[in-house]
Asks: 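Structure in structure tokens, see below.
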Amino acid sequence: MANIDAFGHVTGTSIYVDDIPVMQGTLFIKVFDAPVAHGVIEALDYSEAEEMEGVVKVFSYKDIPGENQIGGIIADEPLLAEKEVHFWGQPILLVVAENEIAAEEALHKIHISIKELPVITDPKEAFLKGKFLHNSRTFESGNTENAFREARYIFEGSADSGGQEHLYLETQGAYAYPMEHGSIKIHSSTQGPTQVQRTVAKVLGIGMNKVEVDVARLGGGFGGKEDQASPWAAMTALVSWVLKKPAKCVLHRMEDMRMTGKRHPYRSDYKIGLDKDFNIIAYEATFFQNGGAAADLSPAVMERTLFHATNSYQIPHVKVQAHGCKTNLPPNTAFRGFGGPQGMFVIESAIDHAAQKLKVSRESIQARNLMENGYQFPYGQIVEGCEARTCWEELNAKYPIEGIRKDILTFNENHAFLKKGMALMPVCFGISFTNTMMNHSRALVHVYSDGTVGVSTGAVEMGQGVNTKMLQIAAQEFGLDASQIKLETTNTTRVANTSPSAASATSDLNGKALLDACSQIKARLKNMLWVKNDLEAGAEVRFEGGKVWMEGMEEPAIWIDVVLDALARRINLSAKGHYATPKIHFDKIKEKGHPFAYHVYGTALTTVTVDCIRGTYELEAVHIVHDFGTSMNRLVDLGQIEGGLVQGIGWMTMEEVAYNNKGRLLSNALSTYKIPDIYSVPKEINTHFLPTDNNNMAIYKSKAVGEPPLMYGIGAFFAIAEAIRAFNPDAPLHLPYCAPMTPEKVLMALYGE
Amino acid sequence: MQVEVSLTVNGKLYKQNVEPRMLLVQFLRDELRLTGTHIGCDTSSCGACTVLLDGKALKSCTMLAVQANGKSVKTIEGMAENGALHPLQEGFHQEHGLQCGFCTPGMIMTAADLLSHNPSPNEHEIREALEGNFCRCTGYHNIVKSVQYAANKMQAS
């Protein structure tokens with residue numbers, strides 16, 4: 001089934017926040033942000049700005065009626081800076097004017113004097129200086145100390161991965177207006193409506209019941225609007241609340257890039273130990289997470305790094321440690337994969353390191369060490385329904401690895417300045433919020449008296465197709481045509497206390513709650529039909545094709561007749577469904593438990609060609625075997641694979657977030673920050689479905705698909721590295737495991753001594 | 001200061017006073033309420049605001065409204081005719097050439113320019129035409145397929 005938003009998208013009628021018709025008297029907000037990365041505000045004068053034509057008021061933290069606090073997990077982040085600034089781009093003042101141009105002009109009339117303080121941009125430096133955002137953590141299994149004593153081969157090194165700008169094409173934004181009874185309504189481009197609601201209530205000092213947040217859709221999120229949609233929503237709410245007028249704030253691209261956090265850059269050290277047969281028997285890693293100036297979601301991101309530190313590999317002795325380091329970058333935040341990719345990059349680097357030294361192929365070490373059912377993850381969960389080897393073997397059957405390697409060798413022998421490389425990338429990704437209490441959801445279903453159905457859930461549509469899947473569920477359960485079902489906006493007054501649309505879990509959580517709501521209504525209808533038709537209680541009743549078929553009745557009833565009958569009998573045709581993922585738990589003291597409902601597996605084979613004169617590269621093909629379970633929408637799921645893969649490749653290759661040593665973002669626009677364009681994506685992407693049907697924790701056994709494919713992109717880094725080595729066998733010395741592998745770095749490695 | 005501009009948008013003539021520094025994209029979105037043309041960047045890099053100006057694809061954030069005086073503009077809202085989707089719109093719908101939808105109108109308008117002078121482009125020509133349009137959700141493959149779908153359909157009819 002095609003994306004249900006497709007018609008709106010192709011006709012330009014889909015509504016994003018900036019498209020909502022504004023009411024008369026709407027005020028526009030521009031943010032005055034810190035022009036340095038760290039310092040003490042000594043003087044701040046905005047009197048001239050406030051007197052400019054069209055300017056209504058300039059807001060500082062002093063105008064906040066509630067708490068000046070937007071921190072999600074840890075209360076460590078002000079909405080507007082008070083005495084100090086901690087990152088370049090930190091909001092300090094809000095200029096409010098009758099139009100955006102007047103607000104923009106007034107920004108230039110604000111005078112600030114800041115006494116600059118030392119700036120830290122490197123997490124290892126922060127670590128050494130004892131600057132932390134949250135507690136360090138260690139996951140441990142077996143005994144690495146003993147195991148390293150027994151290991152035949154030990155390799156140590158470091159691996160760093162860079163940040164990544166979300167670059168959702170729709171920038172952050174919100175529109176707020178006052179409502180009756182001292183309440184407020186906010187249209188926000190957020191993945192977390194409840195998070196926005198909670199933040200606004202806190203900033204205004206009012207109850208959450210006075211704050212209504214509504215989300216129609218997002219022009220992309222990727223994690224960037226999980227926690228970081230809240231500030232802009234809170235700003236519009238603040239202005240609207242104080243001035244009793246509608247207020248709008250939609251960031252321009254350069255403001256968005258400057259003021260918002262990104263994927264966490266990590267610096268990491270690893271130590272890997274192998275036995276004589278190249279089985280990995282011990283692995284240690286220390287992760288230095290660059291959290292930026294406030295905690296934001298960093299503790300949760302760091303946790304997921306630890307959960308995914310061993311990727312798909314079965315390693316008996318593991319000790320992985322992570323530190324959340326405080327630096328003077330904008331608070332880094334969720335980004336598809338949520339710390340998992342950063343962890344996986346390190347073990348893949350360690351394996352690559354071992355393979356180079358042992359003069360064997362990477363894939364020979366990878367294949368030998370893939371996990372099997374029964375293995376216990378370092379965090380205690382027992383591996384079940386493992387498809388790591390199945391995916392790998394299926395890929396090898398379709399694209400024989402040895403043959404491809406031979407072709408590459410032949411090509412490389414015959415080309416002096418073009419070299420090919422390949423890499424395999426297995427992925428094992430855990431599905432559930434690692435914070436167990438977030439794994440619950442609700443849905444509200446109304447069957448109207450004409451037989452049509454309205455569905456509200458806590459899921460936010462951001463292009464991932466979740467609303468299409470929700471509609472499919474309602475249509476399937478009631479046996480109705482898609483045209484009979486409408487997905488409503490995501491609204492906190494209809495579905496409350498939601499978890500953000502994140503962690504790949506949105507379809508599972510909201511889908512199962514929706515299933516529950518539909519089942520409740522169906523149960524009432526069944527009961528009515530049994531009684532009415534004198535059938536045995538429990539007789540099968542099927543809802544299909546707009547009809548209701550009953551065991552023991554020759555003719556089906558028509559859906560609308562059943563609905564009208566139910567209403568005549570005063571039966572409730574609305575239901576609130578609820579779902580809480582069963583069986584999951586995690587003990588943060590012991591660092592053991594069963595945090596994930598299930599895992600998703602897959603393997604990708606990436607081939608590249610490097611131009612050894614220019615340092616540029618082309619991705620020839622990526623072949624993937626992916627464990628979808630029983631996909632409920634192949635179109636949508638394939639789109640997630642392709643988009644996730646390309647985003648992962650971008651992170652590993654061309655997307656370079658660059659700050660100078662003063663903490664100023666240099667890659668501050670789409671002209672200086674390169675995301676994959678239509679040329680830089682793999683020429684061929686072949687995704688094969690590994691159909692499995694053993695997973696009841698996934699909605700209709702259709703496994704989560706949002707984040708896992710991003711990590712296939714890691715293969716691009718190692719494929720390019722291999723091509724470089726084919727040209728310059730000495731390259732390893734000059735080729736640190738430092739992503740992204742930009743063409744500049746490739747060129748340096750090609751000609752390094 | 002206000003300046004009068006007169007331009008045709010989606011076949012309808014508009015005469016209006018605008019600020020001389022108003023961008024064409026702002027004119028379309030804020031004055032005419034044609035919000036299908038999106039703004040994605042400040043640097044004319046992303047292509048989300050692409051419209052047709054006298055039949056040629058143009059990033060409407062690179063031009064002032066007054067510069068479009070006397071010209072004819074077509075936006076995504078003008079693509080469907082008499083309730084029937086343009087083959088490109090149908091193509092993006094059928095081939096799943098979209099996810100969040102924010103880049104979609106710009107993609108369609110750019111592709112419309114391509115098909116107007118090259119009715120049966122090969123894959124390379126499609127990619128060449130769309131190189132100034134970013135999509136952050138897909139891997140572009142379905143976008144290429146969507147354009148091919150439209151080209152085939154337009155050739156057939």
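Note on naming: letters A, B, ... go to the chains in the order of the sequence lines (proteins, then strands), and numbering restarts at 1 for each one.
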Asks: Is the Lys NZ or Arg CZ of A/Lys262 less than 6.0 Å from the centre of A/Phe335's six-membered ring, within 45° of the axis?
Replies: no
Asks: Quick one: sort the A/Tyr16 and B/Phe102 rings into parallel, tilted or perpendicular, breaks at 30° and 60°.
Replies: perpendicular
Asks: Quick check on A/Asp5 against chain B: is it the side chain, the backbone, both or neither that has a heavy atom closer than 4.5 Å?
Replies: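 Interface part for A/Asp5: neither.
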Asks: So which part of B/Glu90 gets closer than 4.5 Å to some heavy atom of chain A, the side chain, the backbone, both or neither?
Replies: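 The answer is neither part of B/Glu90.
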Asks: Name the option with the most non-hydrogen atom pairs under 4.5 Å to chain A; the candidates are B/Cys41, B/Cys46, B/Gly91, B/Pro105.
Replies: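 Maximum pair count with chain A is reached by B/Cys41.
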Asks: Pick one of side chain, backbone, both or neither for B/Arg29, based on which atoms fall under 4.5 Å of a heavy atom in chain A.
Replies: side chain
Asks: Roughly how far, to the nearest 0.5 Å, is the CG atom of B/Leu58 from the OG atom of B/Ser60?
Replies: 6.5 Å
Asks: Run the salt-bridge test on A/Glu165 and A/Arg263 with the 4.0 Å N-O cut-off and return the result as yes or no.
Replies: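 No salt bridge links A/Glu165 with A/Arg263.
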Asks: Is the shortest side-chain N to carboxylate O distance from A/Glu104 to A/Lys30 below 4.0 Å?
Replies: yes
Asks: Measuring from atom CD of B/Gln99 to atom CD1 of B/Ile143, what distance do you get when rounded to the nearest 0.5 angstrom?
Replies: 9.0 Å
Asks: Counting only heavy atoms closer than 4.5 Å, note whether B/His141 contacts chain A via side chain, backbone, both or neither.
Replies: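 Answer is both: backbone and side chain atoms of B/His141 are under 4.5 Å from chain A.
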Asks: What part of A/Asp18 is in contact with chain B, defined as an atom under 4.5 angstrom from a non-hydrogen atom: side chain, backbone, both or neither?
Replies: both
Asks: Could you go through the side chain to side chain contact (heavy atoms under 4.5 Å, CB included) check for B/Val144 and B/Ser146 one step at a time?
Replies: CA-CA 5 Å; B/Val144 173; B/Ser146 304; over 6 Å; no
Asks: Against chain A, work out which of B/Leu88, B/Asp42, B/Leu34 has the most heavy-atom pairs shorter than 4.5 Å and name it.
Replies: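 Option with the top pair count is B/Asp42.
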Asks: Contact part of A/Leu251 toward chain B, heavy-atom cut-off under 4.5 Å: side chain, backbone, both or neither?
Replies: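 Looking at A/Leu251, nothing touches chain B.
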Asks: Below 4.5 Å from any heavy atom of chain B, which atoms of A/Val250 appear? Answer side chain, backbone, both or neither.
Replies: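 Neither the backbone nor the side chain of A/Val250 comes within 4.5 Å of chain B.
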Asks: Checking A/Ile649 against chain B: side chain, backbone, both or neither under 4.5 Å from a heavy atom?
Replies: neither
Asks: Go through the steps to decide whether A/Glu226 and A/Gln191 satisfy the test side chain to side chain donor-acceptor pair (under 3.5 Å), and finish with yes or no.
Replies: CA-CA 5 Å; A/Glu226 184 174 341; A/Gln191 294 172 243; 4.9 Å; no
Asks: For each of A/Ile15, A/Thr13, A/Ile101, tally heavy-atom pairs with chain B at distances under 4.5 Å, and name the one with the top tally.
Replies: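 Among A/Ile15, A/Thr13, A/Ile101, the one with the most close pairs to chain B is A/Ile101.
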Asks: Between chain B and each of A/Gln464, A/Gln647, A/Glu255, A/Met257, count heavy-atom pairs under 4.5 Å; write down the option with the most.
Replies: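 If we count pairs closer than 4.5 Å to chain B, A/Gln647 comes out on top.
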Asks: B/Arg136 versus chain A, heavy atoms under 4.5 Å apart: side chain, backbone, both or neither?
Replies: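 Both backbone and side chain.
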Asks: Assess, by modelled atom type and distance only, whether the side chains of B/Gln155 and B/Ser120 contain a donor and an acceptor separated by less than 3.5 Å.
Replies: no
Asks: Does any backbone or side-chain atom of A/Val646 lie under 4.5 Å from a heavy atom of chain B? Answer side chain, backbone, both or neither.
Replies: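 For A/Val646, the side chain is the part near chain B, not the backbone.
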Asks: Does the distance from a Lys or Arg side-chain N to an Asp or Glu carboxylate O, for A/Lys248 and A/Glu98, drop under 4.0 Å?
Replies: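 A salt bridge is absent here (no side-chain N lies under 4.0 Å from a carboxylate O).
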Asks: Tell me, side chain or backbone of A/Leu218 under 4.5 Å from chain B's heavy atoms, or both, or neither?
Replies: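 Backbone only.
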Asks: I'd like to know which of A/Glu170, A/Met254, A/His166 tops the heavy-atom pair count under 4.5 Å against chain B.
Replies: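 Heavy-atom pairs under 4.5 Å are most numerous for A/Glu170.
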Asks: Indicate yes or no: does B/Glu131 engage B/Arg127 in a salt bridge with an N to O separation below 4.0 Å.
Replies: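 So B/Glu131 does not pair with B/Arg127 through a salt bridge.
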Asks: Under a 4.0 Å N-O cut-off, is there an ion pair linking B/Glu4 with B/Lys15?
Replies: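 No salt bridge links B/Glu4 with B/Lys15.
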Asks: Give, as side chain, backbone, both or neither, the part of B/Ile108 having an atom under 4.5 angstrom from any heavy atom of chain A.
Replies: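 For B/Ile108, side-chain heavy atoms alone lie under 4.5 Å from chain A.
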Asks: Side chain, backbone, both or neither: which part of A/Phe222 has an atom under 4.5 Å from a heavy atom of chain B?
Replies: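 For A/Phe222, side-chain heavy atoms alone lie under 4.5 Å from chain B.
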Asks: Can you tell which part of B/Leu85 gets under 4.5 Å to a heavy atom of chain A, answering side chain, backbone, both or neither?
Replies: side chain
Asks: Does any heavy atom of chain B fall under 4.5 Å from the side chain of A/Met462, the backbone, both, or neither of them?
Replies: backbone
Asks: Given B/Lys74, which partner from the list B/Val51, B/Asn10, B/Val9 fulfils the side chain to side chain contact (heavy atoms under 4.5 Å, CB included) test?
Replies: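 Passing option: B/Asn10.
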Asks: So which of A/Arg217, A/His252, A/Gln640 has the largest heavy-atom pair count under 4.5 angstrom toward chain B?
Replies: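 When all of A/Arg217, A/His252, A/Gln640 are compared, A/His252 has the most.
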Asks: Would one find more than 12 heavy atoms of other residues, nucleotides or ligands at under 6.0 Å from atom CD of B/Gln2?
Replies: yes
Asks: Enter the distance from A/Asp256:CG to A/Thr171:OG1 here, rounded to the nearest 0.5 Å.
Replies: 5.5 Å
Asks: Could you walk me through whether B/Thr138 and B/Asn142 pass the side chain to side chain donor-acceptor pair (under 3.5 Å) check?
Replies: CA-CA 8 Å; B/Thr138 76; B/Asn142 287 354; over 6 Å; no
Asks: Answer with side chain, backbone, both or neither: which region of A/Thr11 has an atom nearer than 4.5 Å to a non-hydrogen atom of chain B?
Replies: both
Asks: Describe, in one word, how the ring planes of A/Phe628 and A/His626 are oriented to each other, choosing from parallel (under 30°), tilted (30 to 60°) and perpendicular (over 60°).
Replies: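 Aromatic pair A/Phe628/A/His626 classed perpendicular.
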Asks: Using a heavy-atom cutoff of under 4.5 Å, enumerate the residues of residues 675-688 of chain A that contact chain B, numbered in order, or state 'none'.
Replies: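 Only A/Ile675, A/Pro676, A/Asp677, A/Ile678, A/Tyr679, A/Val681, A/Pro682, A/Lys683, A/Glu684, A/Ile685 of residues 675-688 of chain A have a heavy atom under 4.5 Å from chain B.
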Asks: Looking only at heavy atoms and a cut-off of under 4.5 Å, which of A/Pro21, A/Gly8, A/Gly650, A/Ala2 has the most pairs with chain B?
Replies: A/Pro21
